[in-house]
Amino acid sequence: MIVSVLRLRFYAPYVHSLKEKRMITKSLIQKIGNQFHVSVAEIEEQDVHQTIVLGIAVIAAHHSLADSILDHIIRYVEQNSEAQLVSVEREER
């Protein structure tokens, strides 16, 4: 069993309140969770208006399957989010 963790950091310069950020974050979390059936949560920078940091956990039988799922998630968020993807960190356990 492989547990892979993905940390995505987004920059959303158009966000001017925490309420706006919450709407964007909840939408992203819901879209990713529904599309890929993975665990997603906002993990850092909850009080910073223009920064969104999401943690995503995937459990798979093989490294190649986990990597493939994470690659698809990265492509998906790049295409379906107005926020700019600034950094991507991967970790396997």
Side-chain angles (χ1 to χ4, degrees):
M1 176 177 74
I2 303 300
V3 178
S4 291
V5 178
L6 187 63
R7 180 182 301 216
L8 302 177
R9 182 178 296 273
F10 296 89
Y11 177 64
Y14 52 86
V15 174
H16 300 292
S17 70
L18 290 176
K19 186 175 182 179
E20 282 182 84
K21 178 184 175 180
R22 259 193 318 274
M23 288 174 40
I24 294 166
T25 303
K26 282 185 175 187
S27 174
L28 262 175
I29 289 171
Q30 191 172 39
K31 285 179 185 178
I32 295 167
N34 289 341
Q35 183 73 25
F36 298 99
H37 305 290
V38 295
S39 296
V40 186
E42 183 177 15
I43 56 171
E44 295 175 4
E45 308 284 346
Q46 284 95 346
D47 295 332
V48 180
H49 295 164
Q50 298 177 336
T51 302
I52 300 168
V53 183
L54 298 180
I56 302 168
V58 175
I59 298 175
H62 305 283
H63 290 284
S64 59
L65 179 58
D67 284 341
S68 174
I69 293 169
L70 295 182
D71 289 340
H72 282 91
I73 291 171
I74 293 168
R75 265 184 268 141
Y76 180 81
V77 296
E78 287 177 331
Q79 294 172 355
N80 293 293
S81 174
E82 295 176 13
Q84 177 186 358
L85 184 59
V86 176
S87 71
V88 176
E89 296 175 33
R90 293 179 184 222
E91 184 179 334
E92 286 189 355
R93 297 177 183 190

Legend entry - Pairing residues for Q79 by the side chain to side chain donor-acceptor pair (under 3.5 Å) criterion, not counting sequence neighbours: none
List, by chain and number, the other hydrophobic cluster members for [X], where Ile, Leu, Val, Met, Phe, Trp and Tyr join if side-chain heavy atoms come within less than 4.5 Å, directly or indirectly.
{"X": "I43", "value": "V53"}
{"X": "L18", "value": "none"}
{"X": "M23", "value": "none"}

What pairs of residues pass the salt bridge (charged side-chain N to carboxylate O under 4.0 Å, His left out) test when at least one of them lies in [range], not counting sequence neighbours?
{"range": "residues 54-80", "value": "D67-R90, D71-R90"}
{"range": "residues 51-61", "value": "none"}
{"range": "residues 17-36", "value": "K21-E42"}
{"range": "residues 47-58", "value": "none"}

Legend entry - CD1 on I56 to CG on L28, rounded to 0.5 Å: 8.5 Å
Inset, instruction - Hey, could you give me the CG/CG distance between L65 and L70, rounded to the nearest 0.5 Å? - result: 9.5 Å
Legend entry - Pairs meeting criterion ring pair (Phe, Tyr, Trp, His ring centres under 6.0 Å) with involvement of residues 40-70, two or more places apart: none
Legend entry - By side-chain contact (heavy atoms from CB on, under 4.5 Å) - contacts of V88 (at least two apart): L6, L8, I74, L85
Legend entry - Candidate pair I32 and L54, rule side chain to side chain contact (heavy atoms under 4.5 Å, CB included), full reasoning: CA-CA 10 Å; I32 295 167; L54 298 180; 4.1 Å; yes
Legend entry - Linked, directly or transitively: I69 and Y76 (ILVMFWY side chains, under 4.5 Å): yes
Inset, instruction - Could you state whether V58 and V5 fall into the same hydrophobic cluster, counting links through intermediate Ile, Leu, Val, Met, Phe, Trp or Tyr residues with side-chain heavy atoms under 4.5 angstrom apart? - result: no
What pairs of donor and acceptor atoms, side-chain ones from residues 9-16 against any protein atom, are under 3.5 angstrom apart with sequence neighbours left out?
unit_1	atom_1	unit_2	atom_2	d
R9	NH2	E44	OE1	3.2
Y14	OH	A83	N	3.3
H16	NE2	Y14	O	3.4

Legend entry - E82 atom CD, over 12 foreign heavy atoms within 6.0 Å: no
Legend entry - Whether over 12 other heavy atoms sit under 6.0 Å from Q30 CD: no
Inset, instruction - Over all heavy atoms of both residues, which pair between S4 and A66 is shortest? Give the atoms and the distance, please. - result: OG-CB, 3.3 Å
